[in-house]
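Just below is one structure, and these are the notes that go with it.
Sequence positions, counted from 1, serve as the residue numbers for this chain.
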Amino acid sequence: MPVINGVSKPAGVRCIQLDEHDRCKIFGQPERPAVCGSLQPEEMMCGENREQAMRWLGWMEQQTAPTSLPPADSSNQASLKR
């Protein structure tokens with residue numbers, strides 16, 4: 001999860017550093033997270049228009065979101081104690 005000003009941004013949550021035109025308000029500033037600067041645009045991610053680019057970014061967030069583990073059932077608990 002990227003950390004911005006000490007706060008993590010989970011997948012699917014709009015970045016607080018985007019302005020009303022979806023431009024980064026801290027672009028080029030030292031407090032900009034390294035993960036943001038490491039994202040290099042490519043033709044595949046940009047698509048032919050903004051809608052396609054936003055769809056790709058949404059897909060990337062889904063693919064990189066942490067998954068939660070299912071709760072352990074009693075049979076798993078028993079095997080862990082052995």
Side-chain angles (χ1 to χ4, degrees):
M1 215 180 314
V3 177
I4 300 172
N5 295 334
V7 178
S8 297
K9 185 200 93 50
V13 173
R14 181 176 167 79
C15 176
I16 62 170
Q17 298 299 342
L18 293 177
D19 68 15
E20 63 276 3
H21 302 290
D22 294 328
R23 294 188 197 123
C24 180
K25 295 185 275 187
I26 58 173
F27 185 84
Q29 297 181 24
E31 61 268 22
R32 184 173 182 228
V35 69
C36 297
S38 69
L39 183 62
Q40 298 298 312
E42 297 176 9
E43 188 174 336
M44 178 182 73
M45 72 171 24
C46 295
E48 295 180 16
N49 54 48
R50 184 179 188 284
E51 181 182 338
Q52 288 178 357
M54 295 305 288
R55 192 176 311 131
W56 187 89
L57 284 172
W59 176 83
M60 278 299 290
E61 279 202 331
Q62 277 185 334
Q63 296 302 305
T64 59
T67 57
S68 58
L69 297 174
D73 63 26
S74 58
S75 63
N76 285 345
Q77 291 294 330
S79 66
L80 291 174
K81 291 180 182 178
R82 291 182 196 166

Exercise. Listed by chain and number, what are the side-chain hydrogen bond (donor to acceptor under 3.5 Å, both in side chains) partners of Arg14, not counting sequence neighbours?
Worked result: Asp22
For this session: Taking atom CD of Glu48 as the centre, report whether more than 12 heavy atoms of other residues, nucleotides or ligands fall under 6.0 Å from it.
Result: no
Exercise. Considering residues at least two apart in sequence or located in another chain, which fulfil the side-chain contact (heavy atoms from CB on, under 4.5 Å) criterion with Gln29?
Worked result: Ile26, Glu31
For this session: Is it possible for you to say whether Phe27 and Ile16 belong to one hydrophobic cluster, with membership spreading through side-chain heavy-atom contacts below 4.5 Å?
Result: no
Seminar exercise, completed: Here the gap from Leu57 atom CG to Met60 atom CE, rounded to the nearest 0.5 Å, amounts to 8.5 Å
Seminar exercise, completed: So salt bridge (Lys or Arg N to Asp or Glu O under 4.0 Å) across residues 53-64, not counting sequence neighbours, yields Lys9-Glu61, Glu51-Arg55
Problem set entry | Test side-chain contact (heavy atoms from CB on, under 4.5 Å) applied to Pro41 - qualifying residues, sequence neighbours left out | Met45, Cys46
For this session: Any chance you could measure Arg32, atom CZ, to Lys25, atom NZ, to the nearest 0.5 Å?
Result: 14.0 Å
Seminar exercise, completed: Besides Leu18, the hydrophobic cluster formed by Ile, Leu, Val, Met, Phe, Trp and Tyr side chains linked at under 4.5 Å, directly or via other members, contains none
Exercise. Can you get from Leu39 to Met54 by hopping between Ile, Leu, Val, Met, Phe, Trp and Tyr side chains that sit under 4.5 Å apart?
Worked result: yes
